[in-house]
Amino acid sequence: MQPLPKKYDFRLAERKWCKAWDKQGTYAFDPKSDKPVFSIDTPPPTVSGKMHLGHSFSYAHEDFIARFHRMRGKNVFYPFGTDDNGLATDKLVEKTKGVNAKSTKREAYLELAHRTVQEILPDFIEDWKMLGMSCDFSSPYSTISTAVQKASQKGFLELYEKGLVYRKETPVSWCPQCQTAIAQAEFENVDKTSHFNDIVFKAKGKDMVVATTRPELLCACVALFYHPDDERYQSLKGKFARVPLFGYDVPILADETVDREKGTGLMMCCTFGDKEDIEKWYKHKLPLKVSITKDGRMNEEAGKYQGMTLKEARKAIRADLEAAGLLIKTKDITHPVNVHERCGTDIEFLNTHQWFINVLDHKEELIEAADDIRWHPEHMKARYIHWVENLNWDWCISRQRHFGIPFPVWYAEDGKTVLPSEEELPVDPSDQQPKGRKDLVGETDVLDTWATSSLTPQLALGWAKGGELFKDNFPMDVRPQAHDIIRTWAFYTITRGVYHEKKVPWKNIMISGFVLDPKGNKMSKSRGNVVDPQDVMDKYGADALRYWAAGSKLGDDLPYMEKDVQTGSKTVTKLWNASRFALMQLADYDGGEPDELLPVDKWILSKLQGIIKESTETYEAYEYAKSKSLIDNFFWNTFCDYYLEIVKDRIYNPEKRGVGAKLSAQYTLRYALRTILKLFAPIMPYITEEIYGYAFAKDGRDSIHVNGWPTFDNGLVDGTAEEAGDALLEVVNLARKKKSEASVSLRTPIIKFIIPKKLEKVLKPVEDDLKAVTNAEDISYEGKVVFIELAPSKQ
RNA sequence: GGGCCCGUGGUCUAGUCCGGCUAUGACACUUCCUUGACGUGGAAGGGGUCCCCGGUUCGAAUCCGGGCGGGCCCACCA
């Protein structure tokens, strides 16, 4: 057994092990092994920047679970991939290369995008490796890779065959900035300030006042609505109104969804201002009047306002209305507006051709599916169900972008859809025709990134290749993710599981919370309160960061406080020092078993069994935070502050205490240290591996992280020893208190230590250790109270 | 408006499901201790109406009802 160096350099050690694990394939999945498999549907991080603190938080959580199961002897299937086919990556390419995808030629842009992704990926993945993720990094998948394109397109074809996907011209939510359709799940609600404008419409010379926040859509107005019971407007039934500035007539109609209290109780319906407009347009079969372009400008319908942005048009139209005396009142309001989560641009509705996956007809099935998954924490299931229940639209999966996985679809002259055969995949219909055809028009849209990442369990398990791995391991054991993407990733993946395999994709889902700033606010660039995990790891190490991440239970948000990482860093140091001390004491130990263990040794071994049992149970239940705090307390308190102090005398002075007492201590010390390291290993993989390497590894390839999770040994549970040890601690505390009150060193001898008679029986067997740790010269048992007399001060 | 989560010393929290130990730990604070692993350490200590009100119970931080406060998700966009 080698002694440990004086100092632990986490920078060196973490880099060293990160490379060594990779090289030795420590975390490689073994397809030939007969060990039970534990499979993890690792989230492929979106390539849109660097790993952020929220990532390190939730990825640490899943890694605790992965490492625990691997140590338990499972063959852990823990793939790693990157999600790099979506709008987020597209935006990153635009930003880093200073280009605009829409105004760049398709081929040139795609070439640039693929090249940029390849440039970014190695460094991007490095952050996850340094965090100590125990994924199999040997062949990371990329969602833009040819293999994944093929699989994703295959998935599309399968849904098409099942009639679960369809194309339709319909009003769809549209981002004028990104110039693509987006799905309901990509909305974000933001409160914005605006104006409620009271505008005059005229009908047969009579004035009618309509309140609107969107005067720029006047030219798209197709009707006015009032509530059928609204007495104020009964006389308007069947009449027409003239649209101001634009001078055409629209019908005045009644609809029960109109709120009489809002504005003037008279509203205009434009195609399209919002969801309400769409619903009324459908219901009353109104004409379509499109007034905005795909890039968010006014079109020819807007007459003299053509070419203006919506914002400019709003200002100009308000001014013109005012000049004409038709804007009679303006009220400042704050109201919620749906914006695109990626860019913050107001969402519009455009009537376009899009592909959809039918989800509205299958809500019930998708809600029931939630019961087949164990949710950790349980209440997150409600979030999922709530989202599915409240869905309003089918899942729009087509995006009008260059970068992404192409739809494997062509259109014939008669409008019929032509699909490739599976063998032809992957295809790019933009510049390719199916076998034997020359007459088709290829679909130029690409698939929503979620349409691919919703297949991660299938992708990772090689579903497209039809292998055993997939057959045997779908559903996977666990999906880890954060709660913000329940409505997207979790929902979509469950949908694909149910649609393709008639099964939920995983048995468990573990959902992490968010990292907040120290005051409990969200971290965001605009607030300027962002902390980079790279900086934290550089300053304190990955183990310290992981220790911090283990401090909150699943689903709970955690304010980031540097001092908590510092506590992790201190724990690393303490672990090093305690191990260094222990190993020094074990230098002359041959590993032999003592004939008889001393009661104090039995005490700590017994206590340790409780920790093993409980931390195993809590890990099994995904409660790593409980496990961590159990081990933490045992290590600092029971092991360092008491046991090591008690045992010093036996090891230092074998001539006084006997060789057997020393051997008993050495045996116990070794067992306890080894167990503590293992219990800490899932949370702090670097320091534990480093110490294990010095102290216990059989050779350079023997890792603490594979197998060897401590097993509960009922034979070591000893009630009598625990009673003796606990009583010992109590009197030790009294002695320490006495010395503290006297402001003297803890080594000050006790010349007279009188302990109540009733404790004699329980304390007698540990009396030698008690004497040693309290430096008591004389111990006697009498009376009912403790009496301690300290040696006089030297001065 | 609907749903969910939460409210514990100065701060962050454990404990709450399944009621009963002196209410856990970390950080901060006070005093002391440099002892042959560690001062990034050790010992001792101060500090809590367990959000409020009511109920159940021998007994409530924990269960029930009602408030108040905070957060999240969804809806509200005329």
Side-chain angles (χ1 to χ4, degrees), chain A residues 3-4 6-7 184 187 189-192 194 196-197 210-214 217 224-225 257-259 262-270 273-277 280 333-338 346-347 377-387 389-392 483-484 486-487 513-514 516 518-522 540 551-553 555-564 566-585 625-626 629-630 632-633 636-637 640-641 644-645 648 651-652 732-733 735-748 775:
Chain A
L4 292 188
K6 180 119 176 102
K7 288 254 173 201
Q184 188 183 352
F187 293 11
N189 243 288
V190 181
D191 277 334
K192 292 203 173 182
S194 182
F196 219 6
N197 307 289
V210 172
T212 180
T213 54
R214 304 206 58 185
L217 292 179
L224 293 188
F225 281 98
T257 61
V258 175
D259 182 349
K262 207 156 195 170
T264 58
L266 196 59
M267 65 173 285
M268 65 174 194
C269 172
C270 307
D274 60 23
K275 206 180 89 208
E276 293 282 309
D277 287 348
K280 289 188 179 61
I333 55 158
T334 301
H335 66 158
V337 177
N338 276 326
D346 288 13
I347 286 164
E378 177 90 44
H379 70 256
M380 289 294 177
K381 181 166 144 183
R383 295 259 290 257
Y384 166 85
I385 290 172
H386 197 232
W387 173 257
E389 278 172 348
N390 289 299
L391 278 169
N392 293 312
H483 61 59
D484 56 329
I486 291 174
R487 65 181 188 173
F514 261 33
L516 307 173
K519 288 177 190 151
N521 296 313
K522 256 186 188 162
Y540 299 107
S552 98
K553 57 186 170 193
D556 272 11
D557 293 343
L558 182 68
Y560 172 79
M561 291 199 234
E562 191 166 358
K563 65 182 181 63
D564 293 332
Q566 283 167 351
T567 305
S569 172
K570 285 181 186 177
T571 303
V572 167
T573 306
K574 185 81 173 175
L575 199 51
W576 182 260
N577 288 322
S579 302
R580 195 163 69 89
F581 168 75
L583 294 181
M584 275 166 12
Q585 310 319 321
K626 276 188 193 170
S629 90
L630 281 167
D632 215 27
N633 287 337
W636 280 90
N637 203 251
C640 291
D641 296 343
L644 290 185
E645 292 307 318
K648 274 176 181 172
I651 291 171
Y652 288 146
V732 167
N733 281 344
R736 285 175 173 177
K737 190 171 174 178
K738 179 83 182 176
K739 290 175 183 180
S740 193
E741 278 168 355
S743 294
V744 297
S745 159
L746 288 180
R747 292 206 67 197
T748 305
N775 204 13

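So you know, we letter chains A, B, ... as the sequences are listed, proteins then strands, and number each from 1.
- Among B:C27, B:C38, B:A43, the nucleotide with an atom closest to any side-chain atom of A:D641 is B:A43.
- Across every strand in view, B:G41 sits in a pair with B:C33 that passes the Watson-Crick or G-U test at under 3.5 angstrom.
- Using a 4.0 Å cut-off between charged nitrogen and carboxylate oxygen, A:D274 and A:R214 do not count as a salt-bridge pair.
- Note on A:K522: every side-chain N or O is 4.0 Å or more away from OP1 and OP2 of B:C72.
- Distance A:H379 NE2 to B:C73 P: 12 Å, rounded to the nearest Å.
- Across every non-hydrogen atom of A:T264 and A:A211, the tightest pair is OG1-N, 3.8 Å.
- In this structure, A:F514 reaches neither bases nor backbone, as no heavy-atom distance under 4.0 Å exists between it and the strands shown.
- Nucleotide B:G69 forms a pair with B:C6, judged by Watson-Crick or G-U wobble geometry with both contacts under 3.5 Å.
- The side chain of A:K574 approaches B:G42 more closely than any other nucleotide in the set B:G42, B:G36, B:C4.
- The distance from atom CZ of A:R383 to atom C1' of B:G71 is 11 Å, rounded to the nearest whole Å.
- At the phosphate of B:G39, neither OP1 nor OP2 sits under 4.0 Å from any side-chain N or O atom of A:K570.
- Counting non-hydrogen atoms under 4.0 angstrom, A:V210 reaches nothing in the nucleic acid.
- The local environment of NZ in A:K737 is sparse, with at most 12 non-hydrogen atoms from other residues, nucleotides or ligands closer than 6.0 Å.
- When rounded to the nearest whole Å, the span between CD1 of A:I486 and C1' of B:C72 equals 10 Å.
- Residue contacts for A:E645: at a heavy-atom cut-off of 4.0 Å it reaches a base atom on one of the strands shown.
- If you check every strand for non-hydrogen atoms under 4.0 Å, A:R736 touches sugar and phosphate atoms only.
- Distance from the side chain of A:R580 is smallest for B:C38 among the nucleotides B:U13, B:A44, B:C38.
- Side-chain to base pairing of A:D556 with B:C6: no donor and acceptor N or O lie closer than 3.5 Å to each other.
- A sub-4.0 Å separation between OP1 or OP2 of B:G45 and a side-chain N or O of A:K739 is absent.
- To the nearest whole angstrom, the two P atoms, one in B:G54 and one in B:G10, are 24 Å apart.
- Separation of atoms CE (A:M267) and OG1 (A:T257) is listed at 6.5 Å; rounding is to 0.5 Å.
- As judged by a 4.0 angstrom heavy-atom cut-off over every strand, A:C640 is placed among the base-contacting residues.
- The side chain of A:R747 lies closest to B:U35 when the candidates are B:U35, B:C76, B:C74.
- Each of A:T257 and A:H386 was matched to the nucleotide of RNA chain B holding its nearest heavy atom; the match closer to the 5' end belongs to A:H386.
- With a 6.0 Å cutoff to the six-membered ring centre and a 45° limit on the axis angle, A:K648 counts as a cation-pi contact of A:F581.
- For the OP1/OP2 pair of B:A28 and a distance below 4.0 Å, the side-chain nitrogens and oxygens of A:Q566 include no atom meeting the criterion.
- Distance, A:L558 CG to B:G71 C1': 15 Å, rounded to whole Å.
- Nucleic acid contact for A:S629: none, since no nucleic acid atom lies under 4.0 Å from a heavy atom of the residue.
- Residue contacts shown for A:M380 are absent, as no nucleic acid heavy atom lies under 4.0 Å away.
- As a whole-Å value, the separation of A:K553 NZ from B:G15 C1' is 9 Å.
- For B:A78, the OP1/OP2 oxygens have a side-chain nitrogen or oxygen of A:H335 closer than 4.0 Å.
- At a threshold of 4.0 angstrom between heavy atoms, the contacts of A:W387 are confined to the sugar-phosphate backbone, with no base atom among them.
- Taking side-chain N and O atoms only, A:S740 has no distance below 4.0 Å to OP1 or OP2 of B:C32.
- The interatomic distance linking A:N633 (CG) with B:G25 (C1') rounds to 6 Å, in whole Å.
- Counting non-hydrogen atoms under 4.0 angstrom, A:K192 reaches nothing in the nucleic acid.
- Map A:T212 and A:N390 each onto its nearest nucleotide of RNA chain B; the residue landing nearer the 5' end is A:N390.
- Contact of the A:D346 side chain with the A:K192 side chain is registered, since non-hydrogen atoms from C-beta on lie closer than 4.5 Å.
- Nucleotide B:G1 forms a pair with B:C74, judged by Watson-Crick or G-U wobble geometry with both contacts under 3.5 Å.
- The side chain of A:K6 places an N or O atom within less than 4.0 Å of a non-bridging phosphate oxygen (OP1 or OP2) of B:C38.
- A:L644 comes within 4.0 angstrom of a base, heavy atoms only.
- Note: A:I486 CD1 to A:H386 NE2 = 12.5 Å, rounded to the nearest 0.5 Å.
- For the C1' atom pair drawn from B:C6 and B:C12, the interatomic distance equals 14 Å after rounding to whole Å.
- The backbone N or O of A:T573 lies less than 3.5 Å from a partner atom in the side chain of A:N577, making a donor-acceptor pair.
- For the pair A:Q585 CD and B:C38 P, the interatomic distance rounds to 11 Å; values are reported in whole Å.
- The side chain of A:K626 has B:G15 as its nearest neighbour among B:U11, B:G15, B:A78.
- Nucleic acid contact for A:E562: none, since no nucleic acid atom lies under 4.0 Å from a heavy atom of the residue.
- With rounding to whole Å, A:K381 atom NZ is found 20 Å from B:C72 atom C1'.
- Here A:A211 lies in heavy-atom contact (under 4.0 Å) with sugar-phosphate atoms only.
- For A:K737, a side-chain nitrogen or oxygen approaches OP1 or OP2 of B:G45 to under 4.0 Å.
- Residue A:D277 is out of contact with every strand shown, counting any heavy-atom pair closer than 4.0 Å.
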